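Here is the structure we will look at.
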Amino acid sequence: MQRRIGRLRIFSSVGAMALASAALAQTPAGLMPPGGATPIKIDVHEGTSMSVSISPDGQRLAVDLQGSLWIIPAKGGQAVRITDYFNDARQPVWSPDGKKLAFFSYREGNYDLYTIDPDGSNMQHVTNGLADDREPAWSPDGKMLAFSSDRPGNGPAGYNIWTIDLTTGKLQQLTADSNEDRLPSWSPDGTEIAFSSQRGSATGLYAVTVSGGRERTLKDGAGTFSAPSWSSGGQLAYLSSTPASSHLEVDGKLVSGSENVFPFRVSWLPKSTDYVYVSDGRIHYRSGKRTRVVPFAASLEVTRPNYARAKRDWDSTAPRKALGILKPTLSPDGKSIAFIALGDLYVVPVTGGVPQNLTKDHALDADPSWSPDGSKIAYTSDKGGGLIQLWVRDVKTGAARQLTDIDTQPLGAAWSPDGKRIAFIDVDGRWGVAGLALVDVDSGKITRLQGSLPQPGEPSWSPDGKYVAITLSKLMSRSFREGTNQVYVVPTDGKGQPAWYEPDPNVSIDTRGGGGPAWSPDGTKMAGIYEGLLKVWPVAADGKPLGPPRSYTNEISHYPTWSGDSKTILYQNADKLKTVDVETGTIREVPLDLTYTLAKPSGRMVIHTSALIDSVRDETQRDKDIVIDGNRIVEIRAHDPALHAGAKVIDGTGLTAIPGLIEHHSHSQKDFGAAGHRVWLAYGITTVRDPGNQVYSGVEDREAQEAGVRIGPRMYENGPLLEWQRVFYKMGVAVAGPAHLERELERARLLKYDVLKSYVRMPDIYQRRIVEAAHEMGVPVTGHEIFPAAFSGVDATEHTGATSRRGYSPKQGPLGRSYEDVVKLFGVSQRTLTPTLFGSLTPYLAKHPEFIADPRVKLYPKWAQETVTGTDPMAAAIGPTLKGSLALVKDAYDAGALITAGTDTLIATNLHSEIAAYVDAGLTPFQALQTATVNSAKSLNLDAGTLEAGKLADIVLVEGDPRQDISATFKVRKVIINGVAYDEAELLKAPKD
């Protein structure tokens with residue numbers, strides 16, 4: 001393994017070295033899709049989120065179509081690709097002498113600047129490091145590049161304008177503020193650099209002198225102004241945008257009319273007023289008042305993955321090993337382990353064996369913590385019948401008392417060393433936003449130490465009780481939400497200021513969902529997970545690191561907890577529990593004997609329904625009996641009362657039977673409690689696909705449902721989102737390098753994840769490795785990307801838009817509009833697209849205001865209810881792009897994509913508005929219903945999604961006919977999941993144990 005100082009450049013094997021070497025070629029030769037899939041060529045004539053630069057002689061254009069660089073004759077013609085598919089190369093600009101192009105690329109896991117000859121040869125790395133360097137611009141003399149960067153320098157964190165001398169490599173920082181200075185452009189005389197900058201609530205244009213750093217304002221006021229570009233004659237072109245428009249202006253005058261202009265700097269022809277830019281997916285050449293479109297054709301390649309799919313077993317009742325072991329916590333005396341599994345709280349000796357179930361109920365239990373004397377366990381539960389609260393259980397007597405009664409959701413309990421207080425994370429909003437609080441164990445009084453924090457990790461106390469440590473994501477800038485997981489220490493007296501500590505400044509703690517830090521009881525050390533490994537580092541009394549983290553394992557590790565004498569650490573190793581002696585390094589496995597069996601009903605059931613839509617044929621059948629044996633449909637036939645003898649009969653008179661709905665993109669979270677699973681059923685959702693969760697949390701949800709402990713839909717689960725070095729979500733893991741990635745993939749195999757998700761900052765070349773490993777497991781890969789994902793064999797794409805490491809989406813241009821390249825990539829690859837139309841709920845409820853007061857909403861926490869009963873903030877932010885997203889849904893569907901209905905929310909109401917939005921997009925109601933039934937079942941390789949003999953008995957009875965009015969899916973009256981029937985009223989109440 002080799003490492004270059006300040007830059008992660010690791011090759012973990014000869015094979016990885018060969019991949020990286022071959023990827024430098026101009027074509028993908030040697031980097032064929034995994035599994036031997038045959039690439040399919042497609043020709044495109046439009047590009048989404050594409051930029052353009054004209055050569056100084058006016059003869060050639062350089063564009064960055066779908067992450068590769070291409071050269072096109074200035075008059076139009078065939079585009080020639082000069083980089084391979086795996087660079088994520090963006091925004092090329094010609095050198096003043098026309099001999100080179102500069103661009104930025106994500107090839108190695110950070111955005112760096114590169115240069116390349118126009119024939120694709122001589123690609124040179126210009127900048128490197130852990131920072132992202134973007135948006136290069138050549139100085140008029142060709143000796144320097146200006147660029148934006150989040151590299152640390154003078155001033156606060158954020159993007160600033162820098163220059164680099166191409167001969168000496170000398171860097172110069174020109175701005176030093178927190179205003180997110182971006183998209184630089186040189187003045188004709190080379191003395192100033194224009195840039196866009198966020199000042200307050202507005203984005204304007206400013207200029208800074210190269211010598212002296214003096215700033216002046218070029219353009220500000222109402223609206224957003226960005227992407228400035230000076231002509232050689234001093235004209236200033238820039239983008240002027242609002243939520244509903246994206247226009248090009250030159251010296252204050254609108255020049256683009258109604259065009260949808262892409263958010264990049266125009267490229268001026270030297271010593272001319274002519275320039276090129278991209279709008280509406282096409283290249284435009286403007287000379288004076290005349291504009292012409294430059295036609296082009298570019299060839300891309302896609303594949304259709306072909307591999308043996310794994311299939312979940314919904315029939316066998318043989319014992320199954322429990323893999324979803326949550327938060328195993330070592331007792332202070334080091335003799336016992338408390339953990340959550342199969343919905344309940346368990347305790348097992350540290351020597352292993354069959355664990356003891358302490359709770360045995362249908363409540364959702366989470367996050368156990370031993371009292372310092374080992375006599376009690378604090379944990380989160382909704383056993384009181386309402387929202388989750390903190391409970392304290394006496395280990396000897398089994399007596400449990402509710403400690404909190406709050407309308408937010410407490411998780412991550414941690415006892416203070418003196419046993420008088422418990423620290424916890426107080427979830428109080430969308431996306432896991434949470435505060436940090438203390439509760440007095442005797443009085444129940446709550447003290448809030450920190451307000452809303454972005455998805456913090458669990459608290460850990462200093463031994464003197466003066467501090468609590470958590471993990472938070474330390475941002476690099478405001479332009480992008482990803483940062484590195486670092487230690488955040490908060491004084492418990494409420495007076496001192498919190499402090500950031502970075503035990504390893506160049507590496508992120510893996511995840512805030514179980515990666516530590518865990519403060520040793522003697523206060524001298526902290527334990528955490530870096531690079532997938534258990535590491536320990538010395539600390540001062542206030543948590544300040546006194547030395548670097550040192551590895552104690554060479555295998556994937558998770559969730560460290562200490563014994564009371566600070567000599568032993570318990571940790572999880574994929575599907576095993578282990579302890580390590582901190583003094584000797586001796587590792588021992590804790591053999592855990594915990595199994596469960598599939599809850600499968602027996603006997604015969606007949607459902608008589610007045611109407612039936614099987615999701616196979618576009619027709620409404622009348623007066624049918626659905627015959628069920630155990631958990632499968634055995635027959636559907638004309639109503640015959642004779643069939644009812646000896647069977648349990650469900651009377652669906654006046655109702656329509658449809659297949660159980662499948663929520664194809666949600667994230668199950670413990671803060672919604674068991675009610676969150678029941679309410680899915682109450683809305684007719686019998687299967688949920690969760691493409692991202694904490695390492696063991698989704699697996700526990702899956703197994704608790706299979707075992708019949710948690711009443712709810714079938715759960716198809718992933719583990720953490722696979723990020724690269726930086727991370728946003730608590731459910732993400734910051735993969736440090738190729739070796740760490742291999743450890744994550746092995747854990748995914750052992751925990752039997754149903755899907756893997758390559759997330760926003762995963763480099764394309766390692767996304768390819770994820771595909772290879774996942775398909776060997778028989779499971780699909782998904783992500784936000786469209787290309788080269790469609791070439792590499794990534795099975796699915798989440799969201800029509802959503803976040804991107806580029807700051808703009810390769811799937812959508814401004815106003816959410818997509819163009820021919822995106823539509824063909826979806827259609828020809830026949831890949832799965834789950835649109836998640838954020839903002840669709842508001843117009844849906846406007847059409848159906850009676851749905852707002854629906855009683856099922858009351859099962860959610862208050863803040864979640866308000867997204868339905870109040871104003872959904874997502875609608876205001878994303879609403880202007882909804883029209884473009886709807887167009888993509890229809891275009892991709894018509895082109896051959898598999899559209900599956902998912903919401904990326906936990907609020908089941910949204911699935912109904914999502915399906916209805918597809919009708920607004922142009923699908924028929926029957927086609928829209930299929931997106932949440934047969935299409936999603938196909939994606940999951942699940943024997944459901946249609947009402948046919950042999951299929952699993954997942955059935956919903958609704959009022960009305962969804963083929964005539966898609967809103968009828970909302971009117972659920974009865975639900976059958978795996979052959980077990982529930983009335984809506986049953987699901988609105990906590991079950992009695």
Side-chain angles (χ1 to χ4, degrees), residues 6-7 90-91 93 102-106 110-114 126-139 143-166 168-187 190-220 224-230 236 238-239 263-265 473-484 500 502 505-506 725-726 761 805-808:
R7 173 76 198 165
R90 301 288 166 178
Q91 299 182 38
V93 287
F103 62 99
F104 63 102
S105 167
Y106 196 73
N110 293 95
Y111 278 118
D112 294 333
L113 304 188
Y114 289 78
V126 176
T127 64
N128 55 63
L130 296 175
D132 281 345
D133 301 328
R134 303 172 186 254
E135 305 150 356
W138 292 91
S139 62
K143 295 181 179 180
M144 303 174 72
L145 288 173
F147 61 99
S148 66
S149 179
D150 63 5
R151 60 180 57 229
N154 298 321
Y159 272 85
N160 282 289
I161 304 302
W162 294 69
T163 62
I164 184 169
D165 187 298
L166 294 174
T168 66
K170 180 182 177 181
L171 289 163
Q172 180 183 1
Q173 184 179 1
L174 297 185
T175 64
D177 54 50
S178 60
N179 296 323
E180 301 303 303
D181 302 333
R182 303 283 302 278
L183 292 159
S185 175
W186 292 80
S187 64
T191 62
E192 284 186 301
I193 293 175
F195 59 95
S196 63
S197 183
Q198 298 177 22
R199 308 286 169 96
S201 60
T203 298
L205 305 179
Y206 302 84
V208 60
T209 58
V210 177
S211 176
R214 295 181 300 277
E215 283 191 18
R216 65 185 177 100
T217 302
L218 299 177
K219 178 76 174 178
D220 61 5
T224 296
F225 306 103
S226 62
S229 179
W230 261 314
L236 184 66
Y238 53 88
L239 190 76
F264 309 112
R265 296 160 293 186
S473 178
K474 188 174 184 181
L475 297 182
M476 315 292 282
S477 74
R478 290 186 292 116
S479 292
F480 298 89
R481 63 186 189 174
E482 296 85 8
T484 57
W500 283 101
E502 300 182 39
N506 293 324
Q725 300 180 1
R726 301 185 191 183
R761 288 187 66 90
R805 60 179 176 251
R806 303 155 196 91
Y808 51 89

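Residues: numbered from 1 along the sequence shown. Given the structure is predicted, the values throughout are model-derived calculations rather than measurements. When reading the values below, keep in mind they use all heavy atoms of this one structure, side chains included, and skip hydrogens, waters and symmetry mates.
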Identify the two heavy atoms, one from [X] and one from [Y], that lie closest to each other, and give their separation to 0.1 Å.
X: L183; Y: S226; answer: CD1-CB, 4.5 Å
X: P263; Y: L239; answer: CA-CD2, 3.5 Å
X: V126; Y: L145; answer: CG1-CD1, 4.4 Å

Under the side-chain contact (heavy atoms from CB on, under 4.5 Å) rule, collect the residues that match up with [X], sequence neighbours excluded.
X: L475; result: S473
X: R214; result: T209
X: A176; result: N154, Q173
X: S178; result: P156

Y238 side-chain N/O to R265 backbone N/O, donor-acceptor pair under 3.5 Å: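 No: the side chain of Y238 does not pair with the backbone of R265.
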So do [Y] and [X] actually touch side chain to side chain, heavy atoms under 4.5 Å?
X: W138; Y: L166; result: yes
X: F147; Y: I164; result: yes
X: I193; Y: S185; result: no
X: T191; Y: W186; result: no
X: W162; Y: Q172; result: no
X: R216; Y: L218; result: yes
X: M476; Y: E482; result: no

Measuring from atom [atom1] of [X] to atom [atom2] of [Y], what distance do you get when rounded to the nearest 0.5 angstrom?
X: R134; Y: Y106; atom1: CZ; atom2: OH; answer: 9.0 Å
X: D133; Y: L113; atom1: CG; atom2: CG; answer: 5.0 Å
X: L205; Y: F225; atom1: CG; atom2: CZ; answer: 7.5 Å
X: M144; Y: D165; atom1: CE; atom2: CG; answer: 5.5 Å
X: S105; Y: Y114; atom1: OG; atom2: OH; answer: 5.0 Å

If the condition is ring-ring contact (aromatic ring centres under 6.0 Å, His included), which residues does F195 pass it with, not counting sequence neighbours?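 By the ring-ring contact (aromatic ring centres under 6.0 Å, His included) rule, F195 matches no residue at all.
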Contacts of Y206 that satisfy ring-ring contact (aromatic ring centres under 6.0 Å, His included) - sequence neighbours left out: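 So Y206 forms no ring-ring contact (aromatic ring centres under 6.0 Å, His included) with any residue.
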Contacts of [X] that satisfy side-chain hydrogen bond (donor to acceptor under 3.5 Å, both in side chains) - sequence neighbours left out:
X: R90; value: D88
X: T163; value: none
X: R199; value: S197, E215
X: S196; value: none

Test of understanding: with salt bridge (Lys or Arg N to Asp or Glu O under 4.0 Å), list the residues that count as partners of K474, not counting sequence neighbours.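 Residues passing salt bridge (Lys or Arg N to Asp or Glu O under 4.0 Å) with K474: E502.
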Are any of the side-chain nitrogens in R805 or D132 under 4.0 Å away from the carboxylate oxygens of its partner?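 Result for this pair is no, no salt bridge flagged.
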Among residues two or more places apart or on two chains, list those pairs meeting salt bridge (charged side-chain N to carboxylate O under 4.0 Å, His left out) that have a residue in residues 173-182.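 As it turns out, the salt bridge (charged side-chain N to carboxylate O under 4.0 Å, His left out) pairs with a partner in residues 173-182, which skip direct neighbours, are E135-R182.
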Between Y111 and R151, is there a cation-pi geometry (under 6.0 Å to ring centre, at most 45° from the normal)?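 No - R151 does not lie over the ring of Y111 by the 6.0 Å and 45° rule.
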Tell me yes or no: between the side chains of Q725 and R761, is some donor less than 3.5 Å from an acceptor?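 Result is no, nothing qualifies.
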No-hydrogen, no-angle side-chain donor-acceptor test under 3.5 Å, T175 and N160: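 The criterion, which ignores hydrogens and geometry beyond distance, is satisfied for N160 and T175.
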